[in-house]
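Any value given below was found using the heavy atoms of this structure, including those in side chains, with hydrogens, waters and symmetry copies removed.
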Amino acid sequence: MTNKLVLIDGNSIAYRAFFALPLLNNDKGVHTNAVYGFTTMLLKILEEENPTHMLVAFDAGKTTFRHKTYEEYKGGRQKTPPELSEQFSLLRELLDNFQIKHYELNQYEADDIIGTFAKRGEEEKWEVKVISGDRDLLQLVSDQVSVALTKKGITNVETYTPSYLEEKMEVRADQIIDLKALMGDSSDNIPGVPGVGEKTAVKLLKQFETLSNVYEGLEEVSGKKLKEKLESNKENAFMSKQLVTINVDTPVEIGLEDVTYTGYEYQKVSAFFRDLGFQSLISRIGGEEEAEKVQESLPELKVTVLDEVKEEHLSSSTALVVEMLGDNYHTANIEGIGLVHEKGAYFIPADVAVESELFKDWAENSQNKKAVFDAKKTSVALTRHGIEIRGIDFDMLLASYLTNPSENHHDIPSISHRMGYKEIQFDEEVYGKGAKMKVPEISSLSSHVARKANMLFELKSVMEEQLQSNEQWELYDELEMPLALILGEMEHTGVKVDVDRLKEMGAELEERLNQLEAEIHDLAGETFNLNSPKQLGPILFEKLELPVIKKTKTGYSTSADVLEQLSDQHEIIPKLLLYRQLGKLKSTYIEGLLKVVHDDAMIHTRFNQALTQTGRLSSTEPNLQNIPIRLEEGKKIRQAFIPSKEGWYIFAADYSQIELRVLAHIAEDEKLIKAFNDNEDIHTQTAMDVFHVDKDDVTDQMRRQAKAVNFGIVYGISEYGLSQSLGISRKEAKQFIERYLDSYPGVKNYMDEIVLDAKQKGYVTTLMNRRRYLPDITSRNFNSRSFAERTAMNTPIQGSAADIIKKAMVDLHHRLEEEQLKATLLLQVHDELILEAPEEELGKLEEIVSEVMQNTVDLDVPLLVDSAKGTTWYDAK
DNA sequence: CAATTCACGC
DNA sequence: GACGTACGTGAATTGT
């Protein structure tokens, strides 16, 4: 079998990839688009070509031997964008991980290195393939050497063989140099013969074969002008020839034997992809076989699988992993437990652990310190098996989230890899994913779980130090850690649902939806899938000829704001809007909730405490933070949320305008502070200040607009966003914001300062030192930078509000225990807390909850709390 | 199974 | 002046 040498023009492909792809940012703020594009190209080559030898050549430095011939060589070129140049080191890392040789040589270009290797490969009668975006390389084409040029995009290439080249270019490969010499090349600043383009050059070469022949037979050239041009640019033409000629005898210090390619190691490459956030590429390179190989190659970790737990297996300072497959720890089975401490690494199968009195006693003793990943998950899972874990003194999940919230993968393997420990596999590699997820045999399982515990054991102190040095220890230790256990209790307790009521509402909705569907089909004159925007679009905008207001990537937009603008144009529109509204209620809230109700009519959501960039919680399966409230139809869903015990009530307490109060406090804006101290209606106050009118002259319209501006401030929306929400022009929106900032100089000052501060430090912080990194704040891209600036202004506001309510939860939990109340927390919805309590506690509860929430922090403005009780969530208003 | 569109909350 | 515009979760459709 003959050898196959693949030569890649590194710079050229990197450039192509960079400009073909949007400027991707990974979550650390490093641009990766060129690396990504390069990688997809590389993977394609490896799959299709099966090379035995491979080399990626790069240009070195700015000057080359060609500059001696012609100083202006490549003159006038735009300098490489910094967003690209910063990717070259990653590119080299990529190649190292793939075990592909890369090379550059001072004073020479990538072309010359490629030419030299192509020639050497040719001499050995190897098959050679060159990959580039640079047409100059076509001069290398021969019977042995083919050249693939990138077309549009990056993975699309056009492969030139001698015959294809001749057909396409109308000259032979050996004439390419002369062709270029005549034509010149504006991108390399090569003059050629001015006035001679591709057409003329091809014509001349067809007639004369070579450049020298053209000049020797100049008399026979047809056309007086052309003759003159050739005559007077003879020197340029020959110099150009010299410049475009690839040096096939470059003094490279490596030879063919140095570019042997024998394949790459799955583990290395997948770890690199994981670091860069190339998730999609991992599955592309990953096969089960490779995953198994990796496991064999992992370094030893001696794990003892226990069939009985004994004293000697336990320690007062242990890393503990309670392993479950799947995300939902309210239902998932425990597969086993990993323990690592000074005496060794152990794996306890689930049934052994759960039945062991010794293990239970150890776990419930707070003197035994446990380092875990996800304290909430761990405690809920153990609680389900009758074990109340105490003494958790480290949560890697929270530590990782607090030190680097922008990271998307807070799991033990990902964190370990980021910290430089690669001797652990990803869950996906061990368990598979999706439908293929399964528990492996015990040796793989125990080894993987023990390795996780081992990483906890190894990394605890480093991560703790990081929290300390970030001044986030208090945030971690006194806020998030205690909160995790409180949230765990809330989740485990669950919320009771009136299933019959839900079903009743579902049946009612069903009827109304059927009726509406029939009416809409009737009005449209045909039946179609009402839930398909793709089918609805043509009916509204073609058949019924309604004006097109907005388009999406794939067709007409039929979103609510578009439909609202059309609502008096056709009677079908209001019906559609109603259909959508009711359809949403039925599918998401009725059917969605029914799907997750347990047999005992309880719902157990999961609060994600390590997800949002601002510090807020989120809620899943189901999301209980977006149960309808604005429209009466939807609000009725809340009638299905009821107390879990007879004679109990739902009790709800919410902060009034917490974000704006936080803004007043951190911006130290006197006017805002005064407004809150005087307990003014804040939107009316804003309207008075922005429009310079008296309280009595504030119209509903003015208050509405002021409210939208306040909303914009709190959520960090742009001028565009404000203009959309108010239905005004961007210019007007801009004026509103300016008038707002003129009215509140303290706020203006804060906004300016926080952006400067973020630029200088690279991150912003909240009241309790939560961080958000903003790498884009110095971006030269207007959009990225603007977004980062708005985020810098908004995150301290929203994040501090999140800090405050979290602290209120910790304080309240403590207080409820202290007062020995039966009342218990059920839910948190960003600025409100939902509890349930027996009737006799309601009076006391109202007092306590308000007091705790209002006094959990001391701001320059009062925090106001509204509370209410009811026999359902709906009635607690 | 992933991407797209839409809609709900704060 | 263009760019594509608060953060989340989830459902349905559609194309791979």
Asker: Take atom OH of A:Tyr589 and atom P of C:dA12, then tell me their distance rounded to the nearest Å.
Answerer: 13 Å

Asker: In whole Å, what separates the P atom of B:dT4 from that of C:dG4?
Answerer: 14 Å

Asker: Verify, without hydrogens or angle tests, whether A:Glu429 (side chain) and A:Phe426 (backbone) share a donor-acceptor contact under 3.5 angstrom.
Answerer: yes

Asker: Any idea which of C:dA6, B:dT5, B:dC8 is nearest the A:Ile717 side chain?
Answerer: C:dA6

Asker: Is A:Gln535 close enough to C:dT14 that one of its side-chain N or O atoms is under 4.0 Å from OP1 or OP2 there?
Answerer: yes

Asker: Distance check: side-chain N/O of A:Ser618 vs OP1/OP2 of C:dT9, anything under 4.0 Å?
Answerer: yes

Asker: Does a nitrogen or oxygen in the side chain of A:Arg790 sit under 4.0 Å from OP1 or OP2 of C:dA6?
Answerer: yes

Asker: Closer than 4.0 Å, any side-chain N/O of A:Thr620 to the OP1 or OP2 of C:dG8?
Answerer: no

Asker: Counting only side-chain nitrogens and oxygens, does A:Asn623 get under 4.0 Å of the OP1 or OP2 atom of B:dG9?
Answerer: no

Asker: Verify the contact: side-chain N or O of A:Lys534 to OP1 or OP2 of C:dG15, cut-off strictly under 4.0 Å; return yes or no.
Answerer: yes

Asker: So do the side chains of A:Val747 and A:Leu663 get within less than 4.5 Å of each other, counting heavy atoms only?
Answerer: yes

Asker: Do A:Val829 and A:Ile627 have side-chain heavy atoms sitting under 4.5 Å apart?
Answerer: no

Asker: Any side-chain N or O of A:Ser786 under 4.0 Å from OP1/OP2 of C:dC3?
Answerer: no

Asker: I want to check one thing: is the phosphate of B:dC8, taken as OP1 and OP2, less than 4.0 Å away from some side-chain N or O of A:Arg580?
Answerer: no

Asker: Please give, in whole Å, the distance from C:dT13 P to A:Tyr579 OH?
Answerer: 8 Å

Asker: Hey, does the Lys NZ or Arg CZ of A:Arg730 hover above the aromatic six-ring of A:Tyr720, less than 6.0 Å from the centre and inside 45° of the axis?
Answerer: no

Asker: Could you tell me whether the side chain of A:Arg785 has a donor or acceptor atom within less than 3.5 Å of a complementary atom in the base of C:dG4?
Answerer: no

Asker: Could you work out which one of B:dT5, C:dG4, B:dC6 sits closest to the side chain of A:Lys553?
Answerer: B:dT5

Asker: Please pick, from B:dA7, B:dC10, C:dT13, the nucleotide with the shortest atom-to-atom distance to any side-chain atom of A:Arg616.
Answerer: B:dC10

Asker: Specify the separation, in whole Å, of atom NZ of A:Lys433 and atom P of B:dA2.
Answerer: 5 Å

Asker: Answer with base, sugar-phosphate or nothing: what part of the nucleic acid does A:Val714 contact at a heavy-atom distance below 4.0 Å?
Answerer: nothing

Asker: So, is A:Thr554 near the phosphate of B:dT4, with a side-chain N or O under 4.0 Å from OP1 or OP2?
Answerer: no

Asker: To the nearest Å, give me how far apart CG (A:Leu774) and P (C:dC7) are.
Answerer: 12 Å

Asker: Is any side-chain nitrogen or oxygen of A:Thr588 closer than 4.0 Å to OP1 or OP2 of C:dT9?
Answerer: no

Asker: Would a distance-only check, ignoring hydrogens and angles, find a side-chain to backbone donor-acceptor pair under 3.5 Å from A:Thr620 to A:Asn623?
Answerer: no

Asker: From the set C:dA12, B:dG9, C:dG8, return the single nucleotide nearest to any side-chain atom of A:Leu611.
Answerer: C:dG8

Asker: Provide the Watson-Crick or G-U wobble partner of C:dT14, both distances under 3.5 Å; none if there is no partner.
Answerer: B:dA2

Asker: Have a look at A:Lys586 and tell me which of A:Glu510, A:Glu517, A:Glu508 forms a salt bridge (charged side-chain N to carboxylate O under 4.0 Å, His left out) with it.
Answerer: A:Glu510

Asker: State which of C:dA6, B:dC8, C:dA11 makes the closest approach to the side chain of A:Phe787.
Answerer: C:dA6

Asker: Between B:dC8, C:dA6, C:dA11, which nucleotide has the shortest distance from any of its atoms to the side chain of A:Asn626?
Answerer: B:dC8

Asker: As a test of reading the structure: which of B:dC10, C:dA2, B:dC6 is closest to the side chain of A:Asp831, going by heavy atoms?
Answerer: B:dC10

Asker: Is there a Watson-Crick or G-U wobble partner for B:dG9 with both distances under 3.5 Å, and which nucleotide is it?
Answerer: C:dC7

Asker: Looking only at N and O atoms, is any donor in the side chain of A:Ser532 or the base of C:dT13 less than 3.5 Å from an acceptor on the other one?
Answerer: no

Asker: Rounded to the nearest 0.5 Å, what separates atom CG in A:Leu540 from atom OH in A:Tyr556?
Answerer: 10.0 Å

